[in-house]
2 protein chains.
Amino acid sequence: MADLKAMAVSRAAANAVKRSRAAAKDLATDGSGEAGLQPGELAEFIGYPLKRAQLRIFEDFLRCVAPLQLTPAQFSVLMLLDRNPGRNQTEIAHTLGILRPNFVAMLDVLESRGLCARMRSANDRRSHIVVLTDKGRSVLSRARKLAAKHEARLTELLGSANRAALLAMLSKIATEF
Amino acid sequence: MADLKAMAVSRAAANAVKRSRAAAKDLATDGSGEAGLQPGELAEFIGYPLKRAQLRIFEDFLRCVAPLQLTPAQFSVLMLLDRNPGRNQTEIAHTLGILRPNFVAMLDVLESRGLCARMRSANDRRSHIVVLTDKGRSVLSRARKLAAKHEARLTELLGSANRAALLAMLSKIATEF
DNA sequence: TATTGTTATACTCTATAACTATA
DNA sequence: TATAGTTATAGAGTATAACAATA
């Protein structure tokens, strides 16, 4: 079972690499004389570059964190558990915008890998408190470092002040739009 | 069959509304005393707000363009056809990052709705040149206006200069990262 | 009666292999 | 042989309904 998940992550990373290469090739052919199609006005609608940037960032994140076999979604769960101990499944899932039924299988994977554990709440025996294990904390610590390299490369591309501005605008859109 | 697609778009729009309301409720409870979970360091990784912003923008786009029953992906196809006449399926799909096998069903939908048409190329009888129909141009024209309102609301939120900077950074990430 | 975790299920997206008809 | 469009298929992601245990 752990192998299935490992394969899923590896395959996602492999696909990410393929897409990157295809894009790189496009840029090269644009430089020469092969005539790529024009996005035109489409590139002026925020949704188009936003979606493409999101795919690119997730691709790169996946590749950077591949040694630890963590998807962006799994990383976000571990980060949230670390920061918010003593919370139940519903609270964690809801904060991340994951529907409760879909969070079950996600937690099954993380728990089967020994990264977190479900514990019956003493107060409310319906609830499962989700806790990070020592292994989970260790893996998260290493994941943070790999993800930090990914972020550093982005900062290199945009510049530190621009990256901060980007982060602020994206957060504003996510919470206020 | 057209009904199936219409339902799919309607349902996506309905879900978008639900998510917006849930998020609005969260903000309200944050304001009062219900104690939402802390994203913490997670919010400092670009991927997290980027993904949430992308979902929000697509939600809003879907709602704004709902009268015309167009998804962001369908809109992008029509925009590309309008700007790049005489291209075949492979070229259009590749430019949008859509895999050729997946583009077949997508075009089937647009063609069955009378928005575009496949024409055998005279030069290379393997190719299908994809053309916008008059109806397709008409629908696209109206879609552009609805989408422009959506964009205007975003500009209102961020400010015109900031929105331009955001667009530039997202495009840079999509093409250079 | 309402809520938590869960199962079952379905629909969309995305990805690969392989076929056909052309080149 | 190679390419364009297509089919079949499989895997993620995301959505809803309903059930058991508990409140």
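Letters A, B, ... are given to chains in the order of the sequence lines, protein chains preceding strands, and every chain is numbered from 1.
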Exercise for review: Kindly say if A:T90 contacts the phosphate of C:dG5, meaning a side-chain N or O under 4.0 Å from OP1 or OP2.
Suggested key: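 The answer is yes; a side-chain N or O of A:T90 sits under 4.0 Å from OP1 or OP2.
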
**Study point:** Any B:R125 side-chain N or O less than 4.0 Å from OP1/OP2 of D:dT3
**Key:**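 So the side-chain polar atoms of B:R125 never come under 4.0 Å of the phosphate oxygens OP1 or OP2 of D:dT3.
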
Can you tell me how far [atom2] of [N] sits from [atom1] of [X], to the nearest Å?
X	N	atom1	atom2	result
B:N102	C:dT12	CG	P	13 Å
B:I98	C:dA15	CD1	P	11 Å
A:M106	D:dT14	CE	C1'	13 Å
A:R120	C:dT6	CZ	C1'	10 Å
A:F103	D:dT14	CZ	C1'	15 Å
A:Q54	C:dC13	CD	P	14 Å
B:I92	D:dA4	CD1	P	14 Å
A:L55	D:dG13	CG	P	13 Å

**Study point:** Salt bridge flag under 4.0 Å for residues A:E111 and A:R118
**Key:**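 Yes, this pair counts.
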
Exercise for review: Run the salt-bridge test on B:D60 and B:K149 with the 4.0 Å N-O cut-off and return the result as yes or no.
Suggested key: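 No, B:D60 and B:K149 are not salt-bridged.
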
**Study point:** Residue A:R126, side-chain atoms from C-beta onward, closest of C:dT22, D:dT22, C:dG5
**Key:**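 Output: D:dT22.
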
Review point. With a 4.0 Å cut-off on heavy atoms, is A:D124 in touch with a base, just the backbone sugar-phosphate, or nothing at all?
Key: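 Sugar-phosphate, backbone atoms only, no base.
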
Practice item. Just call it for A:R100: base, sugar-phosphate, or nothing, with non-hydrogen atoms closer than 4.0 Å on any strand. Key: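 Base, at least one base atom sits under 4.0 Å.
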
Practice item. Measure from the ring center of A:F75 to the ring center of B:F45 and say whether it is less than 6.0 Å. Key: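 Between B:F45 and A:F75, which both carry aromatic rings, the centre distance is below 6.0 Å.
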
Point to revise | Closest-nucleotide 5' rank along DNA chain D - winner of B:N88 and A:L99 | key: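 First, find each residue's nearest nucleotide; the 5'-ward one identifies B:N88.
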
Check your understanding: Can you find a heavy atom in the side chain of A:L154 that is under 4.5 Å from one in the side chain of A:I57?
Key ->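 In short, these two side chains touch, coming nearer than 4.5 Å.
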
Exercise for review: Starting from the 5' end of DNA chain C, give me the residue, A:K51 or A:S127, whose nearest nucleotide shows up first.
Suggested key: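 Upstream on the strand: A:S127.
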
**Study point:** Heavy-atom donor-acceptor pair, A:K51 side chain to B:A73 backbone, under 3.5 Å
**Key:**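 Pair absent, no side-chain N/O of A:K51 close to backbone of B:A73.
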
